[in-house]
Amino acid sequence: MDDQLPEKTPFVKEIPRKADDLSEWYQAVCYKAELVSLSPVRGCVVLRPYGYGLWERLQSELDARFKATGHENAYFPLLIPESLLMREAEHVEGFAPEVAWVTQGGNEKLAERLAIRPTSEVIIGTMYAEWVQSYRDLPILINQWANVMRWEKRTRPFLRTLEFLWQEGHTAHETQAEAAAEVAQMLEVYKEVAEDIVGVPVYKGEKSVSERFAGADHTYSIEALMPDGKALQAGTSHELGQNFARAYDITFAGRDQTQQHAWTTSWGMSWRMLGALIMVHGDDQGLRIPPKMAPVEVVIVPIARGDSTVASDFAKVLHAQLRPQFRVKLDDRDLRPGNKYADWDLRGVPLRIVIGERDLAEGKVTVVRRDFPPKTAGREVAVAIGDVAATLRELLVDIQANLYAQARTFLHDHTFAPATREEFVAKAKGRAGMLDIPWCDRAECEAAIKEQTSATTRNLRTPALGPVCLACGEPARVQAYVAQSY
RNA sequence: CGGGACGUAGCUCAGCUUGGUAGAGCGCUGCGUUUGGGACGCAGAAGUCGCAGGUUCAAAUCCUGUCGUCCCGACCA
């Protein structure tokens, strides 16, 4: 394929090269870096400790922002009675093909089937109906960390599994304006976490009618671009209008003494975000984790020499020193250093401190950054022992910035504003990336685009940057990002 | 759910065409020498060949079914 590169990447024997086959590379990284394991259940994965570490990082960053914006965590049941689910017609219709059902408890068949939640608007709305009496009870700002289940046909680790972990925020407000502000605020939180923490640049916008959440008035998303030119929806925020309030009787006595329906919202981000992290930042050596997301920021590898314990003794001291300030791990396994390097490279640890007697004699250690390719100038630096903590701090900031910058460059280089319909179709078919076009905002047009190119609108914004729809020639109403999607 | 491919040791795979009772490399265990980018020597362990039927004296190999995985589509936050 690429005859510039050697047959095999010298440092990696565990995984194929990323550019050769993204899908195989992705799966190999997920399994070999011990993020997930396939389980005996079709379409379900086990999230292993290192993968769970990533999830915990994402959780804590999101959770802190939810709290800062006035939300509280709560937990609602996994099972939803069928009759309850049926109340919001569009919602049911949208989710029906993906719902898993419990039909039996113990040895007895249930009188009413119970849905395993594909999302929790229904059960939460039902409870809100009980809790809300007056405008004084609003807003309700609740988030839940949970698992959900959607019976998908085709699955892949993180991106689409039957059961997945996510958070779902559910709020109820007195006015539409408040609900709209909430939805915008949380979408911005997602963008901030995606970009500043996960290092994945995204485009914000509103979903088209056909891509909208079942039962919502407006759905907004952040969309990231993967290396194969396909887009990945990484977070969504929905204005549910009064639809769910009507279906589930969330009513309150308003300031004007009239009985009113609340305005509700919901918003979610899942472990799919980790799939974006893996694909966007990873390289031929494996994962490259942005420091803010790294379960281990720094790994210390002592180099043994004969019977001397000088290096390993110092490594223990340094480890103890750094521990309060960094997520640092001492790798004192009985392995040769090269094995450890390859191992931590695969796992994407941002920084490695190599401690050898040669450096120690000069009062130094070697610090190696993961984001630079092997044999790149500046990848390894000798650091005076007294400066280690400060250097690590600087490098972690720099790595975070560098990974984001690389991803942003890729996104910009693969975002196109086609000049003609022909160019648009060719680029859409060829998975060139995000196609930024003036669009008519008509479902028929979107269906035609999909038919011809298998791409769809990812999200929309206003105003349109041209007079006519690039796909069909009708008057343009919005500006759309179009791409094939995961 | 349609089309295609594949399930053999922890991993990557050979063996199947032409049936005769299972192999390699890496990894793993022990000992020793080693240790600045995936070490070497010696010794060793490890597989109901995805599962269930069938054909046959005999099945990893042939046939049927089933489950799972991957790819392309359809569907899908």
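Reminder, nothing fancy here: chain letters follow the sequence lines and each chain counts from 1. The structure presented is a predicted model; accordingly, all values stated were derived computationally and were not measured.
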Whether the [X] and [Y] side chains hold a donor-acceptor pair (N or O, under 3.5 Å, no angle test) is what I'd like checked.
X	Y	result
A/Glu168	A/His170	yes
A/Tyr486	A/Asp228	yes
A/Glu446	A/Ser208	yes

Protein-nucleotides 6-12 of chain B N/O pairs under 3.5 Å:
{"from": "B/C11", "atom 1": "O2'", "to": "A/Lys32", "atom 2": "NZ", "distance (Å)": "2.7"}

With both distances under 3.5 angstrom, what nucleotide forms a Watson-Crick or G-U wobble pair with [N]?
N	result
B/G25	B/C11
B/U18	none
B/G41	B/C31
B/C62	B/G54

Please determine, for the side chain of [X], which listed nucleotide ([options]) has the closest atom?
X	options	value
A/Tyr31	B/C70, B/A74, B/G37	B/C70
A/Lys153	B/C75, B/C70, B/G37	B/C75
A/Gln233	B/U69, B/G38, B/A77	B/A77

Cationic tip of [X] above [Y] ring, under 6.0 Å, 45° of axis:
X	Y	value
A/Arg352	A/Tyr341	yes
A/Arg150	A/Trp166	yes
A/Arg57	A/Tyr52	no
A/Arg369	A/Phe372	yes

[atom1] spacing across the pair [N] / [M], given as an integer number of angstrom:
N	M	atom1	result
B/C26	B/G38	C1'	11 Å
B/G19	B/A60	C1'	10 Å
B/U8	B/G15	P	14 Å
B/G10	B/A45	P	16 Å
B/U69	B/G30	P	35 Å
B/C75	B/U64	P	32 Å
B/C13	B/A52	P	25 Å
B/G44	B/U18	P	39 Å

Select base, sugar-phosphate, or nothing to describe what [X] touches, counting heavy atoms under 4.0 Å on all strands.
X	result
A/Arg333	nothing
A/Arg272	base
A/Lys207	nothing
A/Glu152	base
A/Gly235	nothing
A/Thr119	nothing

Hey, does the side chain of [X] come within less than 4.0 Å of [N]'s phosphate (OP1/OP2), counting only N and O?
X	N	result
A/Gln27	B/C71	yes
A/Arg154	B/C71	yes
A/Arg379	B/G37	no

Centroid-centroid under 6.0 Å between A/His218 and A/Phe213 rings: no
Are there any protein N/O atoms within less than 3.5 Å of an N/O atom in nucleotides 28-36 of chain B, and if so, which ones and at what distance?
{"from": "B/U34", "atom 1": "O2", "to": "A/Arg336", "atom 2": "NH1", "distance (Å)": "2.9"}
{"from": "B/U35", "atom 1": "O4'", "to": "A/Arg336", "atom 2": "NH1", "distance (Å)": "3.3"}
{"from": "B/U35", "atom 1": "O2'", "to": "A/Ala304", "atom 2": "O", "distance (Å)": "3.0"}
{"from": "B/G36", "atom 1": "OP1", "to": "A/Arg336", "atom 2": "NH2", "distance (Å)": "3.3"}
{"from": "B/G36", "atom 1": "N7", "to": "A/Arg358", "atom 2": "NH1", "distance (Å)": "3.4"}
{"from": "B/G36", "atom 1": "O6", "to": "A/Gly356", "atom 2": "O", "distance (Å)": "3.3"}
{"from": "B/G36", "atom 1": "O6", "to": "A/Glu357", "atom 2": "N", "distance (Å)": "3.3"}
{"from": "B/G36", "atom 1": "O6", "to": "A/Arg358", "atom 2": "N", "distance (Å)": "2.5"}
{"from": "B/G36", "atom 1": "O6", "to": "A/Asp359", "atom 2": "N", "distance (Å)": "2.9"}
{"from": "B/G36", "atom 1": "N1", "to": "A/Asp359", "atom 2": "OD2", "distance (Å)": "3.0"}
{"from": "B/G36", "atom 1": "N2", "to": "A/Asp359", "atom 2": "OD2", "distance (Å)": "2.6"}
{"from": "B/G36", "atom 1": "N2", "to": "A/Thr366", "atom 2": "OG1", "distance (Å)": "2.8"}

Between [atom2] of [N] and [atom1] of [X], the distance in whole Å:
X	N	atom1	atom2	answer
A/Phe95	B/A77	CZ	P	6 Å
A/Arg42	B/C70	CZ	C1'	14 Å
A/Arg117	B/A77	CZ	P	19 Å
A/Gln484	B/C72	CD	C1'	12 Å
A/Asp20	B/C71	CG	P	15 Å
A/Leu187	B/A77	CG	P	18 Å
A/Lys230	B/C71	NZ	P	9 Å
A/Lys450	B/G73	NZ	C1'	11 Å

Atom pair CG (A/Asn459) and NZ (A/Lys207), whose distance is rounded to the nearest 0.5 Å: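 So the CG of A/Asn459 and the NZ of A/Lys207 are separated by 6.0 Å.
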Approximate separation, where rounding is to 0.5 Å, of A/Lys375 NZ and A/Glu380 CD: 11.0 Å
Criterion side chain to side chain contact (heavy atoms under 4.5 Å, CB included) on A/Ser485 and A/Lys230, from CA distance to verdict: CA-CA 5 Å; A/Ser485 76; A/Lys230 290 166 79 172; over 6 Å; no
Side-chain donor/acceptor of A/Thr219 to base of B/A77, under 3.5 Å: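 Side chain to base: no pair below 3.5 Å.
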Contact nearer the 5' end of RNA chain B, comparing A/Asn339 with A/Gly268: A/Asn339
A/Tyr481 and A/Tyr203 aromatic ring geometry - parallel, tilted or perpendicular at 30°/60° bounds: parallel
